[in-house]
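A short worksheet on the structure shown next.
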Number of protein chains: 2
Amino acid sequence: MPADRTPRARPVARVPLSRDRVLRAGLALADEHGLEWLSMRKLGQALGVEAMSLYHHVTNRDDLVDGMIDLVFAEIEFPLDGEWQAAMRARAVSVRAVLGRHRWANGLMESRSTPGPANLRHHDDVIGCLRRAGFPVALVAHAYSLLDSYTYGFAMSDRALPFESPEQVAELAQAILARFPVDEYPHLAELTFEHVLKPGYDYGKEFAFGLDLLLDGLRRAGATT
Amino acid sequence: MPADRTPRARPVARVPLSRDRVLRAGLALADEHGLEWLSMRKLGQALGVEAMSLYHHVTNRDDLVDGMIDLVFAEIEFPLDGEWQAAMRARAVSVRAVLGRHRWANGLMESRSTPGPANLRHHDDVIGCLRRAGFPVALVAHAYSLLDSYTYGFAMSDRALPFESPEQVAELAQAILARFPVDEYPHLAELTFEHVLKPGYDYGKEFAFGLDLLLDGLRRAGATT
DNA sequence: AAGATACGCTTACGATGTAAGACTGTCAAG
DNA sequence: CTTGACAGTCTTACATCGTAAGCGTATCTT
């Protein structure tokens with residue numbers, strides 16, 4: 001330590017940056033403000049660092065996002081033992097919950113061309129579970145495609161809604177239908193007023209219906225168990 | 001600089017801009033280069049106009065995208081007569097085809113908070129079809145959520161793949177697995193090598209399997225027909 | 001003829017991702 | 001202890017983005 005007595009205050013030995021710290025800070029900010037809001041400068045600021053310093057831990061913004069996505073994958077829970085239908089249901093529910101926490105991640109989970117280790121691990125586990133349950137390879141491909149498409153697709157619709165409170169849903173629906181003559185869309189209006197805006201309705205509950213239908217169909221399609 | 005006597009050539013009476021022309025040009029450019037690539041300046045350039053001129057026909061970039069999305073919705077084909085299962089199948093197939101042409105549109109179809117007329121029209125038609133087929137309102141909500149989630153979700157996975165040729169698929173798979181020790185992901189490797197990379201495989205065909213499973217499940221769930 | 005409106009253009013501002021390179025503290029080898 | 005390499009930070013700079021403000025002109029209305 002030269003410069004001992006200089007007023008050159010370097011008092012706080014600040015926590016050094018690391019890829020992990022960068023990714024986690026990015027995750028937190030994206031959760032709070034959205035992925036689009038997140039810029040290298042803002043991320044740097046949150047870490048008490050200039051933007052360019054981040055590039056020593058992350059090769060560019062895309063790489064940052066790749067890393068964040070893999071953190072999201074790591075949050076997905078998948079029970080490795082037990083019956084396949086229960087496992088698949090638990091997985092789907094977990095994916096939905098995780099994507100609820102990280103709404104920005106939604107379109108990006110399957111479209112990364114450089115999947116991270118957690119991503120691959122997860123896929124391998126799921127495929128393994130189905131194989132162990134006696135699914136032939138071709139059916140595994142079918143099942144995987146079906147379940148993933150549904151789960152991600154549902155999460156996508158889900159994300160559109162503010163979904164915090166029923167009042168907000170009602171407000172949004174009203175706002176949309178108010179911009180157009182209601183009688184041009186009678187069926188849409190019926191569904192909205194007679195069903196969606198009724199007290200007990202919660203779009204999230206649709207998820208279980210579809211999921212059960214899928215699992216039942218898959219079972220029928222040929223699991224040996 | 002009034003540039004008094006300049007031969008201020010205004011020779012070609014150029015086609016005047018219009019909202020429709022702007023939207024369609026945007027659509028074409030986004031199809032070719034992606035939505036992110038498309039900027040107001042580039043769009044202006046393609047139309048032989050400065051960027052700011054576009055704002056007389058579109059309130060901002062978001063409005064531009066909204067309009068483009070509604071053009072996409074208008075491309076979806078939905079047969080208004082005939083049996084509900086056939087109609088739903090045709091619709092899903094059409095959605096997939098449309099999203100194949102306009103890959104950039106994928107995450108945006110359901111998450112717009114200001115849906116256009118084609119969007120609402122389409123939803124109304126689909127709901128009407130199911131109602132006429134005897135579905136009670138609650139089941140319509142279930143069915144709609146299920147079919148849309150699956151269709152959009154599938155299109156999302158689909159989009160990730162270059163999907164032009166089987167060789168490209170193989171190349172991508174190889175590239176991904178090459179970055180990691182294969183034996184850590186035995187099931188993923190099996191599925192890839194024993195199935196996906198086999199000559200006849202085409203991911204697109206998975207779509208039909210899932211779609212039929214869904215429709216069958218829905219029929220079972222209570223259509224009167 | 002006069003005024004309004006529609007529609008194009010110019011300029012300008014603050015943000016973004018990131019290339020290039022300067023500075024500084026840490027640590028290994030001489 | 002000195003020296004040099006290197007890793008990690010910061011500074012500067014640039015092209016590009018969306019769009020606010022306002023100017024100019026061609027066309028339409030009165």
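Chain naming here is simple, since letters A, B, ... match the order of the sequence lines and numbering starts at 1 in each. What's counted below: heavy atoms across the whole structure, side chains too, no hydrogens, waters or symmetry copies.
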Can a side chain N or O of B/Lys42 be found less than 4.0 Å away from OP1 or OP2 on D/dT16? no
Between atom [atom1] in [X] and atom [atom2] in [N], what is the gap in whole Å?
X: A/Asp63; N: C/dT18; atom1: CG; atom2: P; value: 10 Å
X: A/Glu50; N: C/dA19; atom1: CD; atom2: P; value: 18 Å
X: A/Leu47; N: D/dC10; atom1: CG; atom2: C1'; value: 15 Å
X: B/Leu43; N: D/dG18; atom1: CG; atom2: C1'; value: 13 Å
X: B/Leu17; N: D/dT25; atom1: CG; atom2: P; value: 20 Å
X: A/Gln45; N: C/dT16; atom1: CD; atom2: C1'; value: 14 Å
X: A/Asp62; N: C/dT18; atom1: CG; atom2: P; value: 7 Å

(message) In terms of relative ring orientation, are B/Phe154 and B/Tyr203 parallel, tilted or perpendicular, with 30° and 60° separating the classes?
(response) parallel
Ordered by number, residues from residues 52-61 of chain B within less than 4.0 Å of DNA chain D (heavy atoms) are B/Met52, B/Tyr55, B/Asn60, B/Arg61
Per the under-4.0 Å heavy-atom filter, residues of residues 19-39 of chain B near DNA chain D come out as B/Leu38, B/Ser39
Under 6.0 Å between the ring centres of B/Phe207 and B/Tyr150? yes
Original post:
Is it true that B/Tyr144 and B/His123 have ring centroids separated by less than 6.0 Å?
Top reply: yes
Distance col, row B/Glu110:CD vs B/Ser145:OG, nearest 0.5 angstrom, shows 9.0 Å
Which of C/dC9, D/dG18, C/dT18 is nearest the side chain of B/Arg41? It is D/dG18
Notebook entry, point to check: Does the pair A/Asp148 and A/Arg91 meet the rule for a salt bridge (charged side-chain N to carboxylate O under 4.0 Å, His left out), with working shown?
Noted result: CA-CA 10 Å; A/Asp148 256 24; A/Arg91 177 187 93 102; 2.4 Å; yes
Taken in chain and number order and not counting sequence neighbours, the residues that satisfy salt bridge (charged side-chain N to carboxylate O under 4.0 Å, His left out) with A/Glu77 are none
